[in-house]
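This report concerns only the one structure given below.
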There are 2 protein chains.
Amino acid sequence: MSRLDRSLIADLPPFEGMAPADLDRILQHARSLLVAREEAIFEQEQEAHSFFLLLDGHVRVVKTTPQGQQVIVRYISPGELMGIAHALGRKTYPASAIAAADCVVLAWPGALWPDFAANFPSFGANTYKTVGTRLQDAHAQVIEMATEQVEQRVARALLRLVKQTGKKTEDGLLIDFPISRQDIAEMTGTTLHTVSRLLTAWEERGLVRSGRQKVAVVEPHKLFLLAEGRLPKA
Amino acid sequence: MSRLDRSLIADLPPFEGMAPADLDRILQHARSLLVAREEAIFEQEQEAHSFFLLLDGHVRVVKTTPQGQQVIVRYISPGELMGIAHALGRKTYPASAIAAADCVVLAWPGALWPDFAANFPSFGANTYKTVGTRLQDAHAQVIEMATEQVEQRVARALLRLVKQTGKKTEDGLLIDFPISRQDIAEMTGTTLHTVSRLLTAWEERGLVRSGRQKVAVVEPHKLFLLAEGRLPKA
DNA sequence: CGCCTGCTTGAATCCATTCAAGTCGGGTGG
DNA sequence: CCACCCGACTTGAATGGATTCAAGCAGGCG
């Protein structure tokens, strides 16, 4: 009577190296849910009742400061875990997760986390590896914020998104979900005005094409040079 | 013939919950070393031959960009692990560790990491908890860099250092190791000039006292209000 | 068709950096 | 022991990158 087939998750990194029987056991406790665009999957400060796997769509992870400013910490792509507060020994979510596009998500009760980690060692190990990777990403981001100017940071942010979700179109590599100037600003610690000016300048130079909630990169290599500060201003 | 007694480490967080016999076994593989001020314990990009525990002193963890700019990622205090690249699944150190003061350090061959994690589960769990905590710290730092101005970031950096290493003196809470304007600049993504101006301004207001490679906080609470942007400019 | 939300674009402002001297202090070598 | 010298620090002035302020535009959804 299981509606969830193990082929859904068998090939995803978090479940690598797990026996088929174990996958089934894990799926028995999962429930799947659909989340509409711009809806929250979980919210910052809320008690961490569940942890999640993104099957389809794209999710942005957002932290809000006490003063109400928002920062986009990362985007989640299909196959990634999210809301793994339990693995960090937390009782509440440290950030909010918002569907950037319509999403399909699996959810497990947070109470199961210790069982999973104990009974399925490779799942535990994979999760810790994820945490380790995210720590390195976060450090890289700190370095970036500390040493680079806005133009370079925005260029890098676009390159990251394109690498993660880029889809070939006649306009170039298109970021595969609606993304606003404001979103990009919140990823890079700047304002939507500055992002807008940069995008129009780049469009004139033929590096990108963009429109309402859409950005495509035409010349990834040139944008990369710009991110490195190695592209002549002309 | 062991020169290392388990009382050295028994009460430290990474070894919490471990049996005395296990502590002894762990110490059998450790070698201790003295590191003079400004000497490196390990270097970025270098193969990760060992992981370390700081017994005494203070260490700054520094990342250098390809362009040669340096960013201080964090300071390590006694009782903390460092150089745990293996726990992140890395073969090389992601940063350099420099003794900010004379240090006493324990070192284990990196090859032992998998054994330790497998044979001493609570040690493994404690380490992963550390990684989780550092991930949260790193995210907090990203938020800070993205949303706050230099003055607030410097104030926060001082408060963190004072909390971590503050020592009561007649000048106030003194940061317990030599720290230059340049160091503070590299923690906060600014220049030594700006840090210098801020410190002199704060000194005139009676918030801090500082001198050559030394900073003491006189009014932690007022500095905190300033970090929150809630202290009148006058 | 109208409106709301996202986007653009000038102009003014400002925070911090950069440039440029110069001072201070402490440790070292003569 | 003192003089010197180097590294840390201070401080003014000029510059500039990015934000803030202020309008106005446009495109898609209801």
query: Does a side chain donor of either Ser50(A) or Arg31(A) reach within less than 3.5 Å of an acceptor in the other side chain?
result: yes
message: According to side chain to side chain contact (heavy atoms under 4.5 Å, CB included), who are the partners of Arg153(B), at least two apart in sequence or on a separate chain?
response: Glu144(B), Met145(B), Glu148(B), Val150(B), Thr188(B)
- prompt: Once you round it to whole Å, what is the distance between P of dT19(D) and CD of Gln69(A)?
  reply: 12 Å
Nucleic acid contacts of residues 57-68 of chain B, taken as heavy-atom distances under 4.0 Å to DNA chain C: none
field: Polar contact flag, side-chain donor to acceptor under 3.5 angstrom, Gln141(A)-Arg74(A)
entry: no
query: When you check the side-chain N and O atoms of Arg181(B) and Thr194(B), is any donor under 3.5 Å from an acceptor?
result: no
message: Can you identify which nucleotide, out of dC7(C), dA18(D), dC9(D), has its nearest atom closest to the Val150(A) side chain?
response: dA18(D)
message: Using side-chain heavy atoms (C-beta onward) and a distance below 4.5 Å, is His49(A) in contact with Tyr93(A)?
response: yes
- prompt: Would Thr127(B) and Thr130(B) count as having a side-chain donor-acceptor pair, cut-off 3.5 Å?
  reply: no
message: So, OP1 or OP2 of dT17(C): does either fall under 4.0 Å of a side-chain N or O from Thr191(B)?
response: yes
query: With respect to the phosphate group of dC7(C), does any side-chain polar atom (N or O) of Thr200(A) fall under 4.0 Å of OP1 or OP2?
result: no
task: Spell out protein contact along nucleotides 22-30 of chain D as letters: B when the base is contacted, S when just the sugar-phosphate is, - when no protein heavy atom is under 4.0 Å; keep the 5' to 3' order.
output: B----B---
- prompt: Do the side-chain N or O atoms of Ser180(B) get closer than 4.0 angstrom to the phosphate oxygens (OP1, OP2) of dA8(D)?
  reply: no
query: Taking OP1 and OP2 of dA18(D), is either one under 4.0 Å from a side-chain nitrogen or oxygen of Thr190(A)?
result: no
message: Tell me the interatomic distance from Ile184(B), atom CD1, to dA16(C), atom P, rounded to whole angstroms.
response: 16 Å
message: Regarding dG17(D), can its base be found pairing with the side chain of Arg197(A) as donor and acceptor, where the two atoms are less than 3.5 Å apart?
response: no
query: Looking at side-chain heavy atoms only, is the closest gap between His58(A) and Thr165(A) below 4.5 Å?
result: yes
task: Answer whether the closest heavy-atom distance between the side chains of Leu207(A) and Val218(A) falls below 4.5 Å.
output: no
message: Any N or O donor-acceptor pair under 3.5 Å from the base of dG7(D) to the side chain of Arg181(B)?
response: no
- request: Give a yes-or-no answer on whether the side chains of Thr147(A) and Gln69(B) include a donor-acceptor pair shorter than 3.5 Å.
  value: no
query: Between Gln149(A) and Gly211(A), which is nearer to the 5' end of DNA chain C once each is assigned its nearest nucleotide?
result: Gly211(A)
task: Looking only at side-chain atoms of Thr194(A), point me to the closest of dT19(D), dG6(C), dC9(D).
output: dT19(D)
